[in-house]
Amino acid sequence: MDSSTNFSFDTPADAERAAELRRVKALATLVLASTLLLFVVAKWLLPVHPAFGFIAAFAEAATIGGLADWYAVVALFKRPLGLPIPHTAIIQSNQARIADKLGEFIQVHFLEAGPVDAKLREIDFGSFVADWLRDRKRSDDLARFALRLLPEAVSATESSGLMTFIIRRMSTQIQAIDLAPLAAGTLRGFVAEGRHQILFDDLLRVMHETLTQKETMAMIRDKVRAELPTLLNLYRADKFLVNKIVSSATAFFNEVRSDPKHPFRGEFDRMVLSFVDRLGTDQAYIDRIDGLKRDFLARPELADLARTVWANTRSFIERSASGETQVLQHHLAGMFVSAGDALAGDAELRGEINQGLVTVLRSFVADQKSGVSTFISDQVKSWDMAQLISLIEINIGRDLQYIRFNGSLIGGLAGLALYCVEFLLRLL
């Protein structure tokens, strides 16, 4: 690697651990020097009394054990006394192998499908999303973030040709819609709900109002007068007939409007249903509706309307993103909060979200774990090993120094035991 990662361990806790490491190192060195001095003194006093032989044996073995463990601890991190002794500076010499093995270990043991799946299933993603959205401040922040992205998304849609593609696809889909069966089904539902009778009542009312207007009655009277013999006109029979016609029609209209089961209503039902059936099956009607649909879609006014709507929408989005108006932001934030409330109250939906995310993330981890292994390996290889070794020493060096204490103690006891055996053998 051309560059290496530097570590910082100048925090108060690291400084405290470094001071403790120096203290323990000094104490371990003092113990080693003390056992060496004790060995020299015991050897010097050995002629005075045989008991000093036991002390010398303990001190000698303790010194050797302490030195051996000092060498082992130092060789783990660096070369003892700077000498190029083989199999020393173990961590530094095996940086690449450690990096590869660490990446492999993470891939095999930490990113295995079973543990990853179990850990993901412990997380309630649905509740987290619901709680996050229900927080009004977070929803406001999300709405602002979405609004900042919208103008760029709109521009990208226009410049990339995506809008043209969408319009073409929409036009194709609309052209493919068979409107005749759709219209027939809509009208059939309209009739089944009885809503056509409201239209029928309005039609009767309009016919009655039109029939009783002075202009209409005068027109009918003129038609009747033109058809009657001249003799009857002398007796003003035309006026009598017109009044009778209007009166009879008014009575009939009132009778039909006041009787929900009037036979005339039944005839109207049959007429409407017959028209609905023909609308859905008669090829002439189907062709006519398709022609109207094509004519409508081909109208230039429709394209102008679409461009106007799009321009107004884009302008509104830009004004909302710039903060000129807060309407869209408040609406989006309220929509996010409502979505969070709905999600919080729908355990089934939260379960589906959790299952979906577990499936997606599990697949993602499975696809990327080899890349994660390579990333970890490359990162470890790029570390500055001198700094890393210092970091390791600061954090675990204190415990490693106690190996030196144990080595002196265990070595001294072993040496004393061997000297005791030798002493007894000499007595025999």
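This chain uses plain numbering: 1 for the first residue, then up along the sequence. The figures that follow rest on heavy atoms only: side chains count, while hydrogens, waters and symmetry mates do not. This is a predicted model, so every value here is computed, not measured.
Electrostatic pairing of Glu122 and Lys119 counts as a salt bridge here, judged by a charged N lying under 4.0 Å from a carboxylate O. Salt-bridge check for Lys137 with Asp141: passed, with a basic side-chain N closer than 4.0 Å to an acidic carboxylate O.
Two residues are said to be in side-chain contact when any heavy atoms from C-beta on lie closer than 4.5 Å; Ile376 and Gln379 fail this criterion. Taking 4.5 Å as the limit, some side-chain heavy atom of Val24 sits within range of a side-chain heavy atom of Phe405. Using a 4.5 Å heavy-atom threshold, the side chains of Ser370 and Thr374 count as separate.
Across all their heavy atoms, Ala57 and Gly415 have their closest contact at CB-O, 4.0 Å. Ser139 approaches Ala333 most closely through the heavy-atom pair CB-O, 3.8 Å. Nearest heavy-atom pair, Ala344 versus Ala130, reported as atom, atom and distance to 0.1 Å: N-CB, 3.8 Å. Between Ala61 and Gly411 the shortest heavy-atom distance is CB-O, 2.8 Å.
More than 12 heavy atoms of other shown residues, nucleotides or ligands fall within 6.0 angstrom of atom CZ in Phe316.
Taking the side chain to side chain contact (heavy atoms under 4.5 Å, CB included) definition, one finds that Leu418 meets it with nothing, sequence neighbours left out.
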What side-chain donor-acceptor pairs closer than 3.5 Å can you find for residues 39-56, not counting sequence neighbours?
unit_1: His49; atom_1: ND1; unit_2: Ala51; atom_2: N; d: 2.9

Walk me through whether Trp70 and Thr29 qualify under side-chain contact (heavy atoms from CB on, under 4.5 Å). CA-CA 9 Å; Trp70 167 82; Thr29 303; over 6 Å; no
side-chain contact (heavy atoms from CB on, under 4.5 Å) between Leu343 and Ile353, intermediate numbers included: CA-CA 10 Å; Leu343 183 58; Ile353 290 175; 3.5 Å; yes
Take Glu60 and Ile64, measure what side-chain contact (heavy atoms from CB on, under 4.5 Å) needs, and give me the verdict at the end. CA-CA 6 Å; Glu60 180 181 14; Ile64 295 172; 4.2 Å; yes
For the pair Glu104 and Lys101, evaluate salt bridge (charged side-chain N to carboxylate O under 4.0 Å, His left out) and give the outcome as yes or no after the intermediate values. CA-CA 5 Å; Glu104 180 183 341; Lys101 288 298 180 183; 3.7 Å; yes
So Arg404 and Val31, side-chain contact (heavy atoms from CB on, under 4.5 Å) or not? Walk me through it. CA-CA 9 Å; Arg404 297 173 60 185; Val31 169; over 6 Å; no
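Side-chain atoms of Gln401 and Arg398 form no donor-acceptor pair, as typed in the model, at a separation below 3.5 Å.
Interatomic distance, Gln368 CD to Leu361 CG, rounded to the nearest 0.5 Å: 12.0 Å. Atom CG of Asp378 is separated from atom CG of Asp100 by 8.5 Å, given to the nearest 0.5 angstrom. Note that CG of Leu142 is 7.0 Å distant from CG of Leu133, once rounded to the nearest 0.5 Å. Between atom CG of residue Leu147 and atom CZ of residue Arg319 there is a gap of 12.0 Å, rounded to the nearest 0.5 Å. Distance CG/Leu409 to CG/Asp69: 11.0 Å, rounded to 0.5 Å. Rounding to the nearest 0.5 Å places CG of Asp341 at 12.5 Å from CG of Asp346.
Of the possible donor and acceptor atoms, none in the side chain of Ser315 sits under 3.5 Å from a partner among the backbone N and O of Ala311. Looking at Thr325, its side chain never comes within 3.5 Å of a backbone N or O of Ser320 through a donor-acceptor pair. In this structure a side-chain-to-backbone donor-acceptor pair under 3.5 Å is missing from Arg350 to Phe125. Between the side chain of Asn406 and the backbone N or O of Tyr402, at least one donor-acceptor pair lies under 3.5 Å. In this structure a side-chain-to-backbone donor-acceptor pair under 3.5 Å is missing from Ser377 to Ser373. Between the side chain of Thr35 and the backbone N or O of Leu32, at least one donor-acceptor pair lies under 3.5 Å.
Applying the salt bridge (charged side-chain N to carboxylate O under 4.0 Å, His left out) test to pairs two or more places apart or on separate chains, those with a residue in residues 355-368 are Asp117-Arg362.
Figure legend: cation-pi geometry between Arg426 and Tyr419, with NZ or CZ positioned under 6.0 Å from the six-membered ring centre and within 45° of its axis.
Among Val129, Asp124, Leu349, Thr359, the single residue meeting the side-chain contact (heavy atoms from CB on, under 4.5 Å) criterion with Asn354 is Asp124.
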